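Take a look at the structure set out below.
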Amino acid sequence: MTLEADVSDLWDRYQDGLTAADATDEDAAVVDEFLAALEAGEVRAAEKTGDDVTSWEANEWVKRGILLNFGLRETEPREYGGVTYHDVLPLRDTDDLAERGTRNTPDGTAIRRGAYLGSDCIMMSPSFVNMGAYVGDGTLVDSCDTVGSCAQLGENVKLGANTLIGGVLEPVEDAPVIIEDGVSLGAGCRVTSGFRVGENSIVGENTLLTPRIPVYDLVEEEIIYGHLPAERRAFTRMVESSVGDHDLFEGGAYKPAVVATGVEEDTLEATRREDALRE
């Protein structure tokens with residue numbers, strides 16, 4: 001049987017009432033093999049099926065495999081940095097990172113089991129990459145960044161300090177956050193609820209990208225939700241709210257929106273990759 005078939009069979013048994021106390025060594029071997037496949041980049045929580053950023057589709061069996069690692073494991077005391085913590089999973093073994101030129105700085109970079117980091121990545125402390133996340137080659141995860149469960153980051157992505165990439169497990173979302181190749185997110189950005197950012201886009205500081213906030217795409221002159229097309233420069237602006245004329249709001253009420261324009265050459269220069277950091 002394939003790993004997908006093994007996970008699917010185990011999921012059906014879990015849905016029928018299998019518990020961590022009842023799980024056998026063979027069951028544990030399946031979830032361990034699944035974690036190893038995630039960490040090797042052999043399976044991913046989502047895959048791109050077409051040319052556009054909207055074509056990403058979640059791999060449902062992968063998300064089920066991740067949930068099984070919570071449902072069929074007991075919480076145990078574990079050690080990290082001389083501190084005891086309690087979790088169902090240990091942190092990821094990072095011995096394989098050095099051979100790929102990837103580094104994580106002390107103290108406080110935490111990579112949970114089931115996360116993939118590619119070659120020439122940099123994780124500054126403190127930062128956190130959760131289970132099922134995929135971080136592509138050459139990507140920078142800066143200080144105080146969180147890469148949530150199952151989030152998919154492409155190659156040469158730059159996450160500014162204090163950036164949040166949301167996860168999908170609680171609450172359960174249909175699809176993970178997607179950040180495609182070459183994207184630069186300014187400090188303090190938040191990307192949540194399965195939002196998708198197209199390749200080579202540049203997002204200004206403190207911008208919130210979520211499917212509930214409209215994107216005013218000035219390139220195609222349309223209003224879109226849930227994604228930012230490729231090669232856009234995006235930033236937050238306030239637009240008039242539907243309750244703008246309410247008596248309780250003197251001077252009108254406003255809500256956040258995202259404005260997207262074409263990427264200009266000087267903007268690209270300001271966000272270019274510094275190869276010296278990866279030599």
Side-chain angles (χ1 to χ4, degrees), residues 46 48 50-58 139-142 144-154 157-168 170-271:
K48 193 174 185 180
D51 295 330
D52 191 77
V53 69
T54 59
S55 69
W56 283 84
E57 295 183 2
T139 287
L140 169 65
V141 179
D142 211 339
C144 300
D145 289 348
T146 296
V147 180
S149 53
C150 300
Q152 303 291 294
L153 276 58
V157 170
K158 294 174 65 176
L159 302 185
N162 200 31
T163 291
L164 168 66
I165 307 297
V168 297
E170 190 176 46
V172 175
E173 305 282 358
D174 290 334
V177 170
I178 304 295
I179 310 293
E180 291 194 331
D181 296 352
V183 168
S184 178
L185 300 181
C189 285
R190 290 164 292 161
V191 189
T192 68
S193 303
F195 195 94
R196 306 170 185 193
V197 182
E199 61 184 15
N200 298 320
S201 287
I202 299 170
V203 181
E205 292 87 346
N206 297 312
T207 300
L208 172 59
L209 299 175
T210 181
R212 292 170 290 280
I213 291 180
V215 175
Y216 290 78
D217 184 9
L218 303 187
V219 176
E220 297 295 334
E221 296 188 349
E222 60 181 354
I223 301 174
I224 54 181
Y225 288 85
H227 73 280
L228 179 67
E231 299 181 349
R232 296 294 193 272
R233 181 173 67 91
F235 47 90
T236 298
R237 287 292 182 269
M238 304 302 291
V239 298
E240 188 172 356
S241 170
S242 59
V243 296
D245 295 330
H246 198 284
D247 291 341
L248 293 178
F249 293 95
E250 295 185 9
Y254 296 86
K255 61 183 180 182
V258 174
V259 176
T261 66
V263 177
E264 300 171 351
E265 188 61 36
D266 58 346
T267 305
L268 286 174
E269 179 65 21
T271 60

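Bear in mind the structure is a predicted one, so any value in this text is a computation, not a measurement.
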Could you tell me which residues satisfy side chain to side chain donor-acceptor pair (under 3.5 Å) with [X], sequence neighbours excluded, listed by chain and number?
X      : result
Thr146 : none
Asn206 : none
Ser55  : none
Asp217 : Arg232

Return the minimal non-hydrogen interatomic distance between [X] and [Y], and the atom names on each side.
X      : Y      : value
Cys189 : Gly204 : SG-O, 3.1 Å
Asp142 : Gly160 : CB-C, 3.9 Å
Ile223 : Pro214 : CG2-CB, 3.8 Å
Val258 : Ala234 : CG1-CB, 3.8 Å
Ala46  : Pro176 : CB-CG, 3.8 Å

Measure the [atom1]-[atom2] distance between [X] and [Y] for me, rounded to the nearest 0.5 Å.
X      : Y      : atom1 : atom2 : value
Ile178 : Leu153 : CD1   : CG    : 9.0 Å
Ile224 : Thr54  : CD1   : OG1   : 9.5 Å
Ile202 : Thr207 : CD1   : OG1   : 12.0 Å
Thr139 : Ile179 : OG1   : CD1   : 10.0 Å
Leu164 : Asp145 : CG    : CG    : 9.0 Å
Lys255 : Ile213 : NZ    : CD1   : 10.0 Å

> Would a distance-only check, ignoring hydrogens and angles, find a side-chain to backbone donor-acceptor pair under 3.5 Å from Ser241 to Tyr254?
Replying inline: no
>> Quick check against the 3.5 Å criterion: does Ser201 have a side-chain atom that pairs as donor or acceptor with the backbone of Val183?
In response: no
>> Taking salt bridge (charged side-chain N to carboxylate O under 4.0 Å, His left out) as the cut-off, I'd like each qualifying pair that reaches into residues 193-215, sequence neighbours left out, listed once.
In response: none
> So, are Lys48 and Glu180 salt-bridged, with charged N and O less than 4.0 Å apart?
Replying inline: yes
Within a strict 4.5 Å, meaning less than it, do heavy atoms of the [X] and [Y] side chains meet?
X      : Y      : result
Leu209 : Thr192 : no
Asp181 : Asn200 : no
Cys144 : Thr163 : no
Ile165 : Leu185 : yes
Leu228 : Val203 : yes

> Does CD in Glu222 sit with more than 12 non-hydrogen atoms of other residues, nucleotides or ligands closer than 6.0 Å?
Replying inline: yes
>> If the condition is side-chain contact (heavy atoms from CB on, under 4.5 Å), which residues does Phe235 pass it with, not counting sequence neighbours?
In response: Arg233, Arg237, Val259, Thr261
>> Going by the rule side-chain contact (heavy atoms from CB on, under 4.5 Å), which residues pair with Pro211 if we only count those two or more places apart in sequence or in a different chain?
In response: Ser193, Phe195
